[in-house]
Amino acid sequence: MPSLIDIRRRVRAVKSTQQITKAMKMVSTSKLRRAQERIVKSRPYAKEMLRVFNNLATRTENATHPLLNDDPLSARTLLIVITADRGLCGSFNTNVAKAALQFTLEQPKDDKGRDVAMALVGRKGRDFFMRRGFDVLYEEVGLFQNVKWSHAQQIAQTAIKEFLGPDISSVYLVYNEFRSVISQRVVIEKLLPIPRLNEAEAINNAAPDASAASARASASQAAKVDASASPAVDYLFEPDPKQLLNTLLPLHVAVQVQRALLESAAAEHAARMQSMDSATRNAKEMVERLTLYMNKVRQAAITREIIEVVSGAQAT
């Protein structure tokens, strides 16, 4: 049986931990409010831009711009994995890592026998995949303290550069989408080439637990059905298509990357707030149990001392 001193020391340690988790919860709550405002403001623009360019890709020939070309020579995929830089946020990082691993298993190897290439954003994802020997083409850590437009541009430029090279045929994003304070969803989105309209709709409407392969199969089937059902509509470009798309398509890619970064930042704060709230409640319950146990031990010690005094008095 532990002594009263040991139990009091344990109670003080748990109370100290409770104060820390409570403070972290308050900090995450404050950061979540700002992150939520940013994603709410940027999400309509990004989603409408995505819809417009999905439609544009559907009605435009592949040869119009390299970023619209969905028939590249290589079959290798670049996966951009967005995780947090810190832990203590429940299963936030684990869910993204599991989804990314499942995605890599479903992807075919290229003609040189190479697996999916990685672009890792966030310290947790970088450490996880580099320990397992994945081919990492790009890494970025420490940007979630203050997500800036320059961060999204840098990641987008890297994705475009790799896609236009000879080794990468497609680029995907995997991240946590912020849905509410108590709910986040892991999302896998095709970034390059710009997906066709029905392909994007099929991926978005797929069940959350459906595999990436089944989602892409549904997208391909939907695209074929639409191609046979509706006539193509030509766009009129002013200025010429090359000049217009050279400006807008890289901007579109950067906007989608920034939206994913903002979604992940808001989801991280929400997950950490929930995790710290749960830890604070658990610490409170532990303090109550330890206090009750301490009182029982103290009462037993007092009773034992009284018995010893009475027994000594009777002996004399």
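Just so it is clear, the structure is predicted and the values come from calculations on it, not from any experiment.
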Could you tell me whether [X] and [Y] have a side-chain N and a carboxylate O separated by less than 4.0 Å?
X      : Y      : result
Arg10  : Asp6   : no
Arg51  : Glu48  : yes
Lys124 : Glu268 : no
Asp135 : Arg76  : yes

Is it true that Gln153 and Gln157 share a donor-acceptor pair across their side chains at a distance under 3.5 Å?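 No, Gln153 and Gln157 have no side-chain donor paired with an acceptor closer than 3.5 Å.
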Are side-chain N/O atoms of Tyr138 and Glu140 paired as donor and acceptor at under 3.5 Å?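 Yes, Glu140 and Tyr138 have a side-chain donor paired with an acceptor closer than 3.5 Å.
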Could you give the distance from [atom1] ([X]) to [atom2] ([Y]), rounded to the nearest 0.5 Å?
X      : Y      : atom1 : atom2 : answer
Ser170 : Glu162 : OG    : CD    : 12.5 Å
Leu79  : Leu137 : CG    : CG    : 11.0 Å
Leu32  : Glu37  : CG    : CD    : 10.0 Å
Ile188 : Ile80  : CD1   : CD1   : 13.0 Å
Leu50  : Leu191 : CG    : CG    : 9.5 Å
Ser42  : Met49  : OG    : CE    : 13.0 Å

Shortest non-hydrogen contact from [X] toward [Y]:
X      : Y      : result
His151 : Asn146 : CE1-O, 3.3 Å
Arg126 : Leu120 : CA-CD1, 3.5 Å
Ala100 : Phe129 : CB-CZ, 3.5 Å
Ala270 : Gln184 : CB-NE2, 3.5 Å
Phe163 : Ser169 : CE1-O, 3.1 Å
Val141 : Gly122 : CG1-C, 3.8 Å

Can you see whether Phe128 has Arg132 sitting over its ring - NZ or CZ less than 6.0 Å from the centre and within 45° of the normal?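 Yes, a cation-pi geometry holds between Arg132 and Phe128.
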Close side-chain approach of [X] and [Y], heavy atoms under 4.5 Å:
X      : Y      : result
Val96  : Tyr175 : no
Arg298 : Asn295 : yes
Ile160 : Thr158 : no
Ile168 : Thr77  : no

Assess whether salt bridge (Lys or Arg N to Asp or Glu O under 4.0 Å) is satisfied between Arg281 and Asp277, documenting all intermediate values. CA-CA 6 Å; Arg281 291 197 306 269; Asp277 180 60; 2.2 Å; yes
Please evaluate residues Met118 and Glu139 with respect to the criterion side-chain contact (heavy atoms from CB on, under 4.5 Å), reporting the C-alpha separation (whole Å), side-chain torsions for both, the decisive distance (0.1 Å), and the verdict. CA-CA 8 Å; Met118 292 287 185; Glu139 62 177 88; over 6 Å; no
For [Y], is there any backbone N or O sitting under 3.5 Å from a side-chain donor or acceptor partner on [X]?
X      : Y      : answer
Asn93  : Ala84  : yes
Thr104 : Leu101 : yes
Thr303 : Gln299 : yes
Ser275 : Ala271 : no
Ser91  : Thr94  : no
Asp85  : Arg123 : yes
Thr280 : Met276 : yes
Gln36  : Ala266 : no
Arg38  : Arg34  : no
Glu263 : Phe178 : yes

Using the rule that Ile, Leu, Val, Met, Phe, Trp and Tyr join whenever any side-chain heavy atoms are under 4.5 Å apart, tell me whether [X] and [Y] fall into a single cluster.
X      : Y      : result
Phe92  : Val147 : no
Leu88  : Val27  : no
Val181 : Met24  : no
Val257 : Tyr45  : yes
Ile20  : Val14  : no

Just say parallel, tilted or perpendicular for the rings of Phe103 and Tyr172, cut-offs at 30° and 60°.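 Ring orientation, 0 to 90° scale: tilted.
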Show the numbers, then the answer: is there a salt bridge (Lys or Arg N to Asp or Glu O under 4.0 Å) between Glu189 and Arg259? CA-CA 12 Å; Glu189 289 181 353; Arg259 180 178 67 86; 2.9 Å; yes
Run the numbers on Leu78 and Val116 for side-chain contact (heavy atoms from CB on, under 4.5 Å), then give the verdict. CA-CA 6 Å; Leu78 173 64; Val116 173; over 6 Å; no
Sequence neighbours excluded - ring-ring contact (aromatic ring centres under 6.0 Å, His included) pairs with any residue from residues 243-289: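 Checked against ring-ring contact (aromatic ring centres under 6.0 Å, His included) - neighbours excluded - the pairs reaching residues 243-289 are Phe53-His252.
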Determine, step by step, whether Val81 and Val121 satisfy the side-chain contact (heavy atoms from CB on, under 4.5 Å) criterion, reporting the C-alpha distance in whole Å, the side-chain angles of both residues, the deciding distance to 0.1 Å, and the verdict. CA-CA 6 Å; Val81 183; Val121 180; over 6 Å; no
For Phe144 and Leu261, what are the C-alpha separation, side-chain angles and deciding distance, and is it a side-chain contact (heavy atoms from CB on, under 4.5 Å)? CA-CA 8 Å; Phe144 287 105; Leu261 293 176; 4.1 Å; yes
